[in-house]
Amino acid sequence: MLAGHVSLDAVRRADVDLLDIMKLNALMDAQDAARAHASRKNTQ
């Protein structure tokens, strides 16, 4: 469901809740931002 980190079944079983998903989403956003920053830094 979220980039292969959380399955829809896990959500349906309530193994993860909305807060877990929000935290994972924020982490993935931060990772993307760090990669973009590193990419820009390496092309300068």
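- Counting heavy atoms from C-beta outward, Asp15 and Val6 have side chains that stay 4.5 Å or more apart.
- Taking CG from Leu24 and CG from Leu19, the interatomic distance works out to 11.5 Å, rounded to the nearest 0.5 Å.
- Rounding to the nearest 0.5 Å places CG of Asn25 at 12.5 Å from CG of Asp20.
- In this structure, the separation between NZ on Lys23 and CG on Leu18 is 11.0 Å, given to the nearest 0.5 Å.
- Rounding to the nearest 0.5 Å places CG of Asp32 at 5.0 Å from CZ of Arg35.
- Put simply, CD1 on Ile21 and NE2 on His5 are 12.5 Å apart, with the number rounded to the nearest 0.5 Å.
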